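All residue numbers in this chain count up from 1 along the given sequence. Nothing here was measured: the structure is a model prediction, and the numbers come from that model. The analysis underlying the following values was restricted to heavy atoms, covering all of them including side chains, and did not include hydrogens, waters or symmetry mates.
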Amino acid sequence: MSIGGFKMRDRVLFLAAAFTMAGAAAPVHAASSAPPAATAGQAVPAQMQRLLACRDIDQPTERLACFDREIGTTAEAVQRQDLVVVDRDEVRRTKRTLFGLSLPKFPLLGGDGEEVSQIDGVIDGVGRNRDGGYVFLLQDGSRWSQTDSRPIALEPERGDKVVVKRAALGSFMLSVGKQPGVRVQRVN
């Protein structure tokens, strides 16, 4: 399906950053019912409320006119990036790339309770931090620095597989291969 030149996947999760849309909401057609309920504490942007309200119009020609009008303004909002459409897979990929960073809770990343608890990666580079611990650069671009003094029996090398797991009290453990983990923190 293409809307205003934008291809939409069949399973789309509307996560919107309605920066300028919030104040520009036009009144919804009088025949429409209440706006759809927000999911997981996320507000449904006014533009989406108006588009979804078209479903409630009984008269077919009025309903079609409403959809035509609102899909046009929705496509314009997407093009201006006032409305951002992201599918679930993109949200999952984004959560994975942000794993380990200290960020506030962010409704745009979905409140679906699907929390990333570990990532698997491959070492792209290894160095040392100022305390003598390892610094691991993974192929996904994340950089992890060892914070404890535990030794790693086999020297980590480029191409080694790692697992980074969420640990107690907001910390993380990184295991190289099948070796015991060391405590790390994300530094980028």
Side-chain angles (χ1 to χ4, degrees), residues 5-22 38-45 47-48 77-188:
F6 291 93
K7 297 203 185 256
M8 310 275 294
R9 294 185 186 160
D10 49 307
R11 282 182 38 206
V12 175
L13 174 64
F14 286 96
L15 298 174
F19 303 113
T20 60
M21 303 277 304
T39 57
Q42 297 172 351
V44 177
Q47 181 62 48
M48 288 304 303
V78 169
Q79 192 169 25
R80 286 190 316 265
Q81 295 185 346
D82 291 337
L83 184 69
V84 179
V85 181
V86 182
D87 68 16
R88 283 187 204 277
D89 290 337
E90 182 64 26
V91 171
R92 286 184 185 118
R93 282 191 298 275
T94 301
K95 283 182 176 182
R96 187 185 185 293
T97 63
L98 296 174
F99 180 75
L101 294 175
S102 295
L103 298 171
K105 291 295 178 191
F106 205 157
L108 289 180
L109 294 180
D112 55 10
E114 203 176 295
E115 194 64 38
V116 177
S117 60
Q118 80 173 41
I119 60 167
D120 299 316
V122 177
I123 295 176
D124 197 36
V126 181
R128 294 286 185 162
N129 61 26
R130 60 185 161 94
D131 298 326
Y134 288 101
V135 176
F136 304 91
L137 174 63
L138 303 187
Q139 286 181 346
D140 66 3
S142 62
R143 187 178 307 268
W144 298 84
S145 181
Q146 183 178 359
T147 60
D148 64 14
S149 58
R150 290 185 194 169
I152 297 178
L154 299 174
E155 189 82 14
E157 297 176 347
R158 183 182 181 136
D160 285 348
K161 294 184 180 192
V162 298
V163 175
V164 183
K165 294 182 181 182
R166 193 174 299 277
L169 303 173
S171 64
F172 297 90
M173 298 294 287
L174 182 144
S175 301
V176 178
K178 302 286 184 191
Q179 300 183 71
V182 295
R183 198 163 303 279
V184 292
Q185 74 177 26
R186 177 122 181 225
V187 292
N188 72 330

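- Residues Phe172 and Arg183 are not in side-chain contact: their nearest non-hydrogen atoms beyond the backbone lie 4.5 Å or more apart.
- For Arg143, the CZ atom counts as loosely surrounded, since its 6.0 Å shell holds 12 or fewer non-hydrogen atoms of other residues, nucleotides or ligands.
- Side chain of Arg150 to main chain of Gly181: a donor-acceptor pair is present (N/O by atom type, distance under 3.5 Å, no hydrogens or angles).
- Scanning all heavy atoms of the two residues, the minimum distance from Arg186 to Asn188 falls at NE-O, 2.9 Å.
- Side chains of Leu138 and Ile123 form a contact here, defined as non-hydrogen atoms less than 4.5 Å apart.
- By the 4.5 Å heavy-atom criterion applied to side chains, Glu155 and Val126 are not counted as neighbours.
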Open item on the list: side chain to side chain contact (heavy atoms under 4.5 Å, CB included) for Arg158 and Asp124? Distances and angles first, verdict last.
Closed with: CA-CA 5 Å; Arg158 183 182 181 136; Asp124 197 36; 3.1 Å; yes

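- Residues Asp160 and Glu157 approach most closely at OD2-N, 2.8 Å, considering heavy atoms.
- Side chain of Asn129 to backbone of Gln146: a donor-acceptor contact under 3.5 angstrom is found.
- The two residues Ser175 and Pro180 have their closest heavy-atom pair at OG-C, 4.2 Å.
- Across Trp144 and Val187, no two heavy atoms sit closer than the pair N-CG2, 4.4 Å.
- Atom CD of Gln185 sits about 12.5 Å away from atom CG of Leu174, to the nearest 0.5 Å.
- Contact of the Val176 side chain with the Phe136 side chain is registered, since non-hydrogen atoms from C-beta on lie closer than 4.5 Å.
- Of all the heavy atoms in Val135 and Ser145, the pair that sits closest is CG2-OG, 3.9 Å.
- Note that CG of Leu154 and CD of Gln179 are 4.5 Å apart. Values are rounded to the nearest 0.5 Å.
- If you take CD on Gln118 and CE on Met173, they are separated by 13.0 Å, rounding to the nearest 0.5 Å.
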